[in-house]
Chemist: 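Here it is, the structure, as structure tokens.
Here is how names work: the chains are called A, B, and so on, in the same order as the sequence lines, proteins then strands, and each is numbered from 1.
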There are 2 protein chains.
Amino acid sequence: MVEVTHLKREEQGTRDLRRAGLKVTLPRLRILEILEESDPHHLSAEDIYKDLLANDHDVGLATVYRVLTQFEGAGIVTRHHFAGGQAVFELDNGDNHDHIVCMKSGKVSEFKDPQIEERLIEIAEELGYSLTDHRIVLYGVYRDESDS
Amino acid sequence: MVEVTHLKREEQGTRDLRRAGLKVTLPRLRILEILEESDPHHLSAEDIYKDLLANDHDVGLATVYRVLTQFEGAGIVTRHHFAGGQAVFELDNGDNHDHIVCMKSGKVSEFKDPQIEERLIEIAEELGYSLTDHRIVLYGVYRDESDS
DNA sequence: ATAAATGCAAAGACTTTGCAGCGGC
DNA sequence: GCCGCTGCAAAGTCTTTGCATTTAT
């Protein structure tokens, strides 16, 4: 069972890479896997690098950056600059959602709102632009979470 | 007339600095002035630095960064990361507007939309956050502009 | 076999910091 | 005169690049 699941994911990754015209290599498959399995699926290059090392996969940090940049170009991942310092990456499912970041805990949630997207297109038009993409980042304080 | 205007601005800047608990120094006044006079008022530290040098004001780039960071902390300017590489700064009038960037020319326009801001507050609430701030950057292509 | 991908170390872009001296108040 | 501010150069952080070697196809 576990095996089957694992193979499936690997096949999926293989297809993604082929489609992007990239060779199917171990580092790339592993990076894809890490991105898929990560829970708060926003990882920095460093995060991914550490994960690789922790699992005895000797991949250079430079390779992680190179692969992520290629993935970005291929539309496989999206790069964000939430905090300011490090860039974070997440798989791009094509749904182009937006984010809200808790200023205390760093927790990141996602959302997608058609109403807003429609209005943004209108605004762009009014200003004389054709909208091709957008980024919304909300900053707030997450409450509840049973304190913490 | 010009003199009067100039003095007025300087006094204004002086007040801004005092309010922020910062000493009123020439570099700081000049940087404020540059930010006020700039047309596409989104300048990188480097832009400001070059402007200073071009006007025979020998201010170090480090000082420009330091001053801008202090201004940011004091709420005098806002820092943005549009492109990815350099940060750009603009005076913060407290209106907290958003931006749209032309992917071809780099032209930046601003807008403010109450409808969107209202909706964003709702969205944050729905997700369990109290919204404190937001950033919206639209990417598009500016048309008209008589070609270029 | 061949062109692409990787690892390492070195370089780069942008920004911050340490410290001696200068400048408001 | 005091303490903060500045300039310079040096260090930092994050990311990219050059090059010899390895690897997928």
Chemist: Say whether, by atom type as modelled, one donor and one acceptor occur between the side chain of B/R28 and the main chain of B/K23 under 3.5 angstrom.
Modeler: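 Answer holds: yes.
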Chemist: Could you tell me the separation between the CG atom of B/L29 and the C1' atom of C/dG24, rounded to a whole number of Å?
Modeler: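 So the CG-C1' distance, B/L29 to C/dG24, works out to 11 Å.
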Chemist: Find the distance A/K50:NZ to D/dC14:P and express it as a whole number of Å.
Modeler: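 Distance, rounded to whole Å: 10 Å.
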Chemist: Taking ring pair (Phe, Tyr, Trp, His ring centres under 6.0 Å) as the definition, give me every residue that meets it alongside A/Y129, ordered by chain and number, with sequence neighbours left out.
Modeler: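 Listed in chain order: B/Y142.
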Chemist: Rounded to whole Å, how long is the line connecting atom CG of A/L17 with atom C1' of C/dA5?
Modeler: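 About 12 Å, once rounded to whole Å.
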Chemist: Rounding to a whole Å, what distance do you find between A/L52:CG and C/dC8:P?
Modeler: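 In whole Å, C/dC8 P lies 13 Å from A/L52 CG.
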Chemist: Partners of B/H134 by ring pair (Phe, Tyr, Trp, His ring centres under 6.0 Å), sequence neighbours excluded?
Modeler: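 Partners of B/H134 by the ring pair (Phe, Tyr, Trp, His ring centres under 6.0 Å) criterion come out as none, since no residue qualifies.
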Chemist: Under the ring pair (Phe, Tyr, Trp, His ring centres under 6.0 Å) rule, collect the residues that match up with A/F89, sequence neighbours excluded.
Modeler: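 A/F89 satisfies ring pair (Phe, Tyr, Trp, His ring centres under 6.0 Å) with no residue once adjacent residues are dropped.
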Chemist: Run the ring pair (Phe, Tyr, Trp, His ring centres under 6.0 Å) test against B/H97 and tell me which residues pass, sequence neighbours left out.
Modeler: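 Residues passing ring pair (Phe, Tyr, Trp, His ring centres under 6.0 Å) with B/H97: B/H99.
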Chemist: If you look at every heavy atom in B/V64 and B/A45, which pair is closest and at what distance?
Modeler: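 Shortest heavy-atom contact: CG1-O, 3.6 Å.
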Chemist: Please encode protein proximity along nucleotides 15-25 of chain D as a string of B, S and -, counting only heavy-atom distances under 4.0 Å.
Modeler: BBBB----BBS
Chemist: Would you mind listing the cluster partners of B/V141? Hydrophobic ones only (ILVMFWY), side-chain contacts under 4.5 Å, chaining allowed.
Modeler: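 Traced through the cluster, B/V141 reaches no other member.
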Chemist: Starting at CG of B/D58 and ending at C1' of D/dC5, how long is that distance when rounded to a whole Å?
Modeler: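 My rounded result for the distance is 16 Å.
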Chemist: Expressed in angstrom and rounded to an integer, what is the separation of A/L53 atom CG from C/dG7 atom P?
Modeler: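 After rounding, the gap between these two atoms is 10 Å.
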Chemist: Could you give the CZ-to-P distance, from B/F82 to C/dC14, as a whole number of Å?
Modeler: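 For the pair B/F82 CZ and C/dC14 P, the rounded distance is 16 Å.
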Chemist: Measure the distance from OH on B/Y49 to C1' on D/dT6 and round it to the nearest whole Å.
Modeler: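 To the nearest whole Å, that distance equals 13 Å.
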Chemist: Clusters formed by hydrophobic residues whose side-chain heavy atoms approach within less than 4.5 Å: which one holds B/V137, and what are its other members?
Modeler: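 Cluster partners of B/V137: B/F82, B/V88, B/V101, B/M103, B/V108, B/Y139.
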Chemist: Report the residues that fulfil side chain to side chain contact (heavy atoms under 4.5 Å, CB included) with B/Q86, sequence neighbours left out, ordered by chain and then residue number.
Modeler: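 Per chain and number, B/Q86 pairs via side chain to side chain contact (heavy atoms under 4.5 Å, CB included) with B/S44, B/E46.
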Chemist: Estimate the overall bend of the helix from C/dA1-D/dT25 to C/dC25-D/dG1 from the end axes over five pairs each, rounded to 10 degrees.
Modeler: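 Result, rounded to 10 degrees: 30°.
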